[in-house]
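Worksheet: the structure to be examined is printed underneath.
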Amino acid sequence: MIGLLTLTQSTPLVHVGLEWLAYLLSAQVYLRTRRKSPIEVSKVDQMLLLSCTIIAAALGALSLHIAESWSWVSQQPTQAWISGKSVLGGLLGGTLGTEFGKRLVNWRHSTGDAWVPALGIGLVVGRIGCQLSGTWDMTYGSPTGASWGWNYGDGIPRYPTALMEALAVLAMWAWLRRRSWSRSGQMFNAFLLGYCLLRFFIDFLKPPFGAAAADATVPLDLFLGLTAIQWTALAGAAWMTSRLRRPV
């Protein structure tokens, strides 16, 4: 087991494989869920709506990756600018893109609830890949003296933040699916609100709030005491709260 873990920490192949598995499973779950409540617009408008979602998600994921390490990224060649992505940036960017696309096709109903199970399974599988990775993945936690600290390959027990996030997402999804919602879209808003709050708090268990690995090459910036991801999480939480409170 230790030898297998050492192998997964030394190569990105396992992480990449699980990441693509997360994408495929998410797509399958979304399509299956969407068939139960199809979007009643033309195929062309559906493709336009999906394109807006995907493009905005990609831009959001890339932009937040750049923002969280701006002092370093801004001094690097273009390749470094596109070498990473942020899940939170992708989720919020995709939501903005969907709202923009709905305006283009004049679709006034919510489309978000069908994404919740898909996002849940995708996040869990993807974070397992992060947890099995080494420090090169930049998703490891700060050092901890707890007996359940995780060795990411540098010999230092650290908070298993990716695993903690995966378990929290599972618990959140289990709670949300048991609730009844007054209108469509509320489950998605609650899910994204919960994820924003989760990311805000769990990132305190990661560098730069604790010691980074010795081989860390990409520093994370602090803006008024918080990372770009945490500020984005707060903004996203406020946005989702306003959507939840919106009158019918």
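Throughout, numbering of the chain's residues begins at 1 and tracks the sequence.
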Distance-only donor-acceptor hits, side chain of residues 54-64, under 3.5 Å, sequence neighbours excluded:
| residue | atom | partner | partner atom | Å |
| --- | --- | --- | --- | --- |
| Ser63 | OG | Leu59 | O | 2.7 |

Can you measure from CD (Gln28) to CG (Leu25) and round to the nearest 0.5 angstrom?
8.0 Å
side-chain hydrogen bond (donor to acceptor under 3.5 Å, both in side chains) against Tyr30, all qualifying residues, sequence neighbours excluded:
Arg34
Judged by modelled atom types alone, do Gln131 and Tyr140 share a side-chain donor-acceptor pair under 3.5 Å?
no
In terms of heavy-atom contacts, Ile229 and Leu88 come closest through O-CD2, 3.6 Å
According to a 4.5 Å side-chain heavy-atom criterion applied to Ile, Leu, Val, Met, Phe, Trp and Tyr, with indirect links allowed, do Ile156 and Met164 form part of one hydrophobic cluster?
no
Closest approach of Ser69 and Pro219, non-hydrogen atoms and distance?
OG-O, 2.9 Å
When rounded to the nearest 0.5 angstrom, what is the spacing between CZ in Arg243 and CD in Glu99?
4.5 Å
So which heavy atom on Pro160 is nearest to which on Tyr152, and how close?
CA-OH, 3.4 Å
For Leu92 and Cys196, what are the C-alpha separation, side-chain angles and deciding distance, and is it a side chain to side chain contact (heavy atoms under 4.5 Å, CB included)?
CA-CA 9 Å; Leu92 293 174; Cys196 285; 4.3 Å; yes
Nearest-0.5 Å distance that lies between atom CD1 in Ile202 and atom OG1 in Thr161:
6.0 Å
Check whether any side-chain heavy atom of Ser133 lies under 4.5 Å from a side-chain heavy atom of Thr139, and answer yes or no.
no
Same hydrophobic cluster for Leu119 and Leu21, using side-chain heavy-atom links shorter than 4.5 Å among ILVMFWY?
yes
Going by the rule ring pair (Phe, Tyr, Trp, His ring centres under 6.0 Å), which residues pair with Trp20 if we only count those two or more places apart in sequence or in a different chain?
Tyr23
Is Gln186 reaching over with its side chain to a backbone N or O of Arg183, donor-acceptor style, under 3.5 angstrom?
no
Checking the side chain of Ser86 only, and the main-chain atoms of Gly89 only, is there a donor and an acceptor separated by less than 3.5 Å?
yes
Taking the side chain as everything from C-beta on, heavy atoms only, tell me whether Lys102 gets closer than 4.5 Å to Leu49.
yes
Contact check, side chains of Leu224 and Trp231, non-hydrogen atoms, under 4.5 Å
yes
Please determine whether residues Leu244 and Trp115 belong to a single hydrophobic cluster, defined as Ile, Leu, Val, Met, Phe, Trp and Tyr linked transitively by side-chain heavy-atom distances below 4.5 Å.
yes
From Met47 CE over to Asp45 CG, what is the distance, rounded to the nearest 0.5 angstrom?
11.5 Å
For the atom pair CG (Leu18) and CG (Leu13), what is the distance rounded to the nearest 0.5 Å?
11.0 Å
Do Val87 and Arg127 make a side-chain contact, defined as non-hydrogen atoms from C-beta onward lying under 4.5 Å apart?
yes
Side-chain heavy atoms nearer than 4.5 Å, only ILVMFWY residues, links allowed to pass through others: does that put Met138 and Trp70 together?
yes
Kindly state each residue pair satisfying ring-ring contact (aromatic ring centres under 6.0 Å, His included) with at least one member in residues 170-201, sequence neighbours excluded.
Phe200-Phe204
Show the numbers, then the answer: is there a side chain to side chain contact (heavy atoms under 4.5 Å, CB included) between Met187 and Arg179?
CA-CA 9 Å; Met187 182 166 62; Arg179 289 202 55 180; over 6 Å; no
Working to the nearest 0.5 Å, report the span between OG of Ser71 and CZ of Phe223.
7.5 Å
If every non-hydrogen atom of Val29 is compared with every non-hydrogen atom of Ala118, which pair is closest and at what distance?
CG1-N, 3.6 Å
List the residues meeting side-chain hydrogen bond (donor to acceptor under 3.5 Å, both in side chains) with Ser142, not counting sequence neighbours, and say none if there are none.
none
Is any side-chain heavy atom of Leu167 closer than 4.5 Å to one of Leu163?
yes
Under a 3.5 Å distance rule, please check whether Asp113 uses its side chain to pair with a backbone N or O of Gly185 as donor and acceptor.
yes
Would you mind reporting whether Leu222 and Thr227 have side-chain heavy atoms less than 4.5 Å apart?
yes
Does Val116 belong to the same Ile/Leu/Val/Met/Phe/Trp/Tyr cluster as Trp239, with side-chain heavy atoms less than 4.5 Å apart forming each link?
yes
Residue pair Pro207 / Leu220: nearest heavy atoms and the distance that separates them
O-CD1, 3.2 Å
Taking side-chain hydrogen bond (donor to acceptor under 3.5 Å, both in side chains) as the definition, give me every residue that meets it alongside Ser26, ordered by chain and number, with sequence neighbours left out.
none
Minimum-distance pair of heavy atoms, taken over all atoms of Asp154 and Ala213:
OD2-CB, 3.8 Å
